[in-house]
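Everything on this sheet refers to the single structure shown next.
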Amino acid sequence: MNDKDVVPQLYKDIKETYQDEIATNPRIKMILKKIDDGKATYEDLYDYANELGYCLEKAFAKNVSKDILPNGTMYYNIAQRLISPMIAANYNNIAKKCETVQNSLNKKANIGLKGIKPPYREEKTRGIINYVSSAEYKNIEKSFLDSLSTNTRSVVDSSVKENVEYHYQSGLSPKIIRRTVGKCCEWCSNIAGVYNYADVKKTGNNVYRRHANCRCQVIYDPGNGAKKIQDAWTKQWSKKVEIEKRLQKMQPKEYIGKDVTKEYYGTANAKGKVIINPGYKTSIHKNEIEVANIISKTFGGEVNLINEVHQQGIKTPDFIWNKKKWELKTLTTEKAADSAVRKALKQIQDNGGIILDYRTRNITLDVLMSIVDNRMKRNKQSQADIMILLKDNVIKVFRYKK
């Protein structure tokens with residue numbers, strides 16, 4: 001049996017089981033009522049995430065087995081088509097409730113900030129897909145199912161992290177709490193406690209980390225609604241009304257470029273191919289070849305590496321990918337993107353995209369996108385998809401139109 005035969009019906013069965021499990025789960029009904037009543041906390045969100053994770057586990061456990069998979073393996077193309085939409089649906093269920101609960105907590109604390117919806121982490125989904133497609137299903141089934149619940153709980157972790165950072169940048173002095181649940185391992189026990197966010201924000205701290213099947217909770221409560229809050233920079237006390245204008249300016253930014261990352265992953269397939277033409281100088285184009293392989297492996301399609309033309313007035317791109325021109329720029333700073341994008345637009349001539357490679361650098365996406373947005377404003381007659389390669393295999397794609 002091939003994947004074209006097995007996937008459509010299998011996905012339908014998984015989706016229906018998942019929805020049925022949610023609809024008949026009394027614990028979920030109770031938590032949702034608490035959220036709707038504005039009485040829920042992050043502890044309730046973790047309970048909700050646990051239940052959603054179990055529903056997703058059951059949906060796969062009930063419908064997927066080695067016997068139904070070709071050669072007993074969930075190959076990449078099958079895994080991508082089954083897992084990606086289910087994790088996305090699961091994310092939407094928990095992420096929307098995270099935003100609702102954070103808004104309720106902010107309101108109770110008399111903080112005039114909007115709750116931030118935690119971002120969708122494509123790299124986590126991709127990691128699960130890569131793992132489950134790496135071996136026979138029977139050998140990794142249990143750890144795969146565990147990863148679905150762990151991933152669901154990580155959405156609540158992200159909600160805490162995003163909102164605590166936002167509150168900190170807005171002038172508050174937030175604290176976060178790491179709590180153990182049930183019989184806990186020594187590692188989790190050692191990092192449980194109360195932390196000033198300012199002390200752990202720059203360290204990539206273990207407070208947010210979790211191992212497989214970890215049920216620990218990272219809790220944030222913005223406060224008790226006192227009439228004054230402490231400004232983290234001046235260390236002086238100010239009435240909330242005096243910083244309202246500054247808080248409004250801190251609302252999350254929207255970019256001019258449309259985020260089409262999900263569209264790229266949604267149309268991806270495992271059949272990728274990199275073509276190196278005769279005469280191509282591989283010794284001086286190692287990075288181009290490496291990036292071409294990343295694109296091919298991640299999104300599929302034919303990536304053709306283009307020979308340089310040393311002739312005045314003739315500009316060629318680095319790649320032809322899916323019949324469109326793509327130019328690669330490996331950069332070290334956000335600021336460097338301005339001239340890089342300006343030059344790359346001439347290479348692709350409104351028929352393709354630009355790849356900004358920051359895989360070896362620590363950058364701030366908001367800063368980078370502000371620079372790219374400004375450049376594209378000045379090039380009003382240009383259009384392109386701009387792909388950004390970041391650390392930890394994170395890829396973002398933004399589309400600019402005339």
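Index from 1, following the sequence.
Side-chain atoms of Ser134 come within 3.5 Å of backbone N or O of Tyr131 as a donor-acceptor pair. In this structure a side-chain-to-backbone donor-acceptor pair under 3.5 Å is missing from Asn106 to Ile111. A donor-acceptor contact shorter than 3.5 Å links the side chain of Ser143 to the backbone of Ile140. Between the side chain of Thr24 and the main chain of Asp20, a donor-acceptor pair closer than 3.5 Å is present. Within the 3.5 Å criterion, the main-chain N or O of Leu305 finds a donor-acceptor partner in the side chain of Asn277. A donor-acceptor pair is defined here as one N or O able to donate and one able to accept, closer than 3.5 Å; such a pair exists between the side chain of Gln347 and the backbone of Thr316. The backbone N or O of Phe144 lies less than 3.5 Å from a partner atom in the side chain of Ser147, making a donor-acceptor pair. Side chain of Lys108 to main chain of Gly38: a donor-acceptor pair is present (N/O by atom type, distance under 3.5 Å, no hydrogens or angles). Within the 3.5 Å criterion, the main-chain N or O of Ala49 finds no donor-acceptor partner in the side chain of Thr152. Without hydrogens or angle criteria, Thr100 side chain to Lys96 main chain gives a donor-acceptor distance under 3.5 Å.
Within the model, atoms CD1 of Ile28 and SG of Cys55 stand 4.0 Å from one another, a figure rounded to the nearest 0.5 Å. Note that OG1 of Thr125 and CE of Met86 are 12.0 Å apart. Values are rounded to the nearest 0.5 Å. Summarising the geometry, atom CG belonging to Leu331 is positioned 8.5 Å from atom CG belonging to Leu368; distances are rounded to the nearest 0.5 Å. Once rounded to the nearest 0.5 Å, the distance linking CD of Glu302 with NZ of Lys273 reads 6.0 Å. Taken from NZ in Lys15 to CG in Leu82, the straight-line distance is 13.0 Å, to the nearest 0.5 Å. Between Ile128 atom CD1 and Ser84 atom OG the span is 9.5 Å, to the nearest 0.5 Å.
Among residue pairs with one or both ends in residues 79-130, those qualifying as ring-ring contact (aromatic ring centres under 6.0 Å, His included) are Tyr91-Tyr120; sequence neighbours excluded. For residues 329-366, there are no ring-ring contact (aromatic ring centres under 6.0 Å, His included) pairs, not counting sequence neighbours.
Side-chain atoms of Ile306 and Ile320, non-hydrogen and from C-beta on, do get closer than 4.5 Å to each other. Residues Glu51 and Tyr46 are not in side-chain contact: their nearest non-hydrogen atoms beyond the backbone lie 4.5 Å or more apart. The shortest side-chain heavy-atom distance between Gln102 and His167 falls under the 4.5 Å cut-off. Looking at Lys377 and Ile256, their side chains come closer than 4.5 Å, going by heavy atoms from C-beta outward. You'll find the side chain of Ile294 reaches within 4.5 Å of the side chain of Ile395, heavy atoms only. A 4.5 Å side-chain heavy-atom check between Arg27 and Tyr48 finds every atom pair outside the cut-off. Residues Arg153 and Asn50 are in side-chain contact: their nearest non-hydrogen atoms beyond the backbone lie under 4.5 Å apart. Contact of the Asn304 side chain with the Phe319 side chain is not registered, since no non-hydrogen atoms from C-beta on lie closer than 4.5 Å.
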Self-check item: Intermediate values then yes/no, salt bridge (charged side-chain N to carboxylate O under 4.0 Å, His left out), Lys62 and Glu16
Solution: CA-CA 11 Å; Lys62 182 177 179 180; Glu16 288 179 354; over 6 Å; no
Self-check item: Step-by-step salt bridge (charged side-chain N to carboxylate O under 4.0 Å, His left out) determination, Lys97 to Glu99
Solution: CA-CA 5 Å; Lys97 298 307 178 185; Glu99 184 179 14; over 6 Å; no
Exercise. Go through the steps for Tyr76 and Asn130 under the test side-chain hydrogen bond (donor to acceptor under 3.5 Å, both in side chains), then give the verdict.
Key: CA-CA 7 Å; Tyr76 185 92; Asn130 287 336; 4.5 Å; no
Practice problem: For salt bridge (charged side-chain N to carboxylate O under 4.0 Å, His left out), just list the numbers for Asp357 and Arg359, CA-CA rounded to whole Å, side-chain angles, deciding distance to a tenth of an Å, and then say yes or no. | Solution: CA-CA 6 Å; Asp357 184 5; Arg359 288 173 298 149; 2.9 Å; yes
Quiz item: Where do Ser154 and Asp157 land on the side-chain hydrogen bond (donor to acceptor under 3.5 Å, both in side chains) test, with the steps shown first?
Solution: CA-CA 5 Å; Ser154 74; Asp157 297 339; 5.6 Å; no
Practice problem: Take Asp373 and Tyr400, measure what side-chain hydrogen bond (donor to acceptor under 3.5 Å, both in side chains) needs, and give me the verdict at the end. | Solution: CA-CA 9 Å; Asp373 276 355; Tyr400 292 85; 2.5 Å; yes
Exercise. Kindly indicate, with the supporting measurements, whether the criterion salt bridge (charged side-chain N to carboxylate O under 4.0 Å, His left out) is fulfilled by Lys142 and Asp146.
Key: CA-CA 6 Å; Lys142 184 180 184 306; Asp146 286 344; 3.1 Å; yes
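In the model, Gln349 has a side-chain atom that pairs as donor or acceptor with a side-chain atom of Lys325 under 3.5 Å. No donor-acceptor contact under 3.5 angstrom links the side chains of Asn25 and Glu21, judged on distance only. A donor-acceptor contact under 3.5 angstrom links the side chains of Ser149 and Glu57, judged on distance only. Side chains of Thr17 and Asn63: a donor-acceptor N/O pair is present below 3.5 angstrom, by distance only.
For the residue pair Tyr137 and Lys66, the shortest heavy atom distance occurs at CD2-N, 4.1 Å. The nearest pair of heavy atoms linking Gly301 to Asn322 is CA-OD1, 3.4 Å. In plain terms, the two heavy atoms of Thr360 and Lys391 that are nearest each other are C-CE, 4.0 Å. What you find for Ile14 and Ala59 is that their closest heavy atoms are O-CB, 3.4 Å.
Look at Lys161 and Glu165 and you find no salt bridge, because none of the NZ, NE, NH1 or NH2 atoms lies under 4.0 Å from a carboxylate O. A salt bridge links Lys329 with Glu327: at least one charged nitrogen is closer than 4.0 Å to a carboxylate oxygen.
The salt bridge (charged side-chain N to carboxylate O under 4.0 Å, His left out) search around Lys396 returns Asp259, not counting sequence neighbours. For Arg342, there are no salt bridge (charged side-chain N to carboxylate O under 4.0 Å, His left out) partners at least two apart in sequence or on another chain. By the salt bridge (charged side-chain N to carboxylate O under 4.0 Å, His left out) test, Arg375 is found to be paired with Asp338, residues two or more places apart in sequence or in another chain being considered. The salt bridge (charged side-chain N to carboxylate O under 4.0 Å, His left out) check on Glu162 picks up Arg121, with sequence neighbours excluded.
Between Trp326 and Trp321, the ring-plane angle classifies as tilted under the 30° and 60° cut-offs.
Each of Ile354, Ile295, Asp318 was checked for a side chain to side chain contact (heavy atoms under 4.5 Å, CB included) with Leu328, and the lone residue meeting it is Asp318. Of the residues listed (Leu113, Ile116, Val101, Asn103), the one engaging Asn163 in a side chain to side chain contact (heavy atoms under 4.5 Å, CB included) is Ile116, and it is the only one.
For Tyr18 and Phe60, the ring centers sit 6.0 Å or farther from each other.
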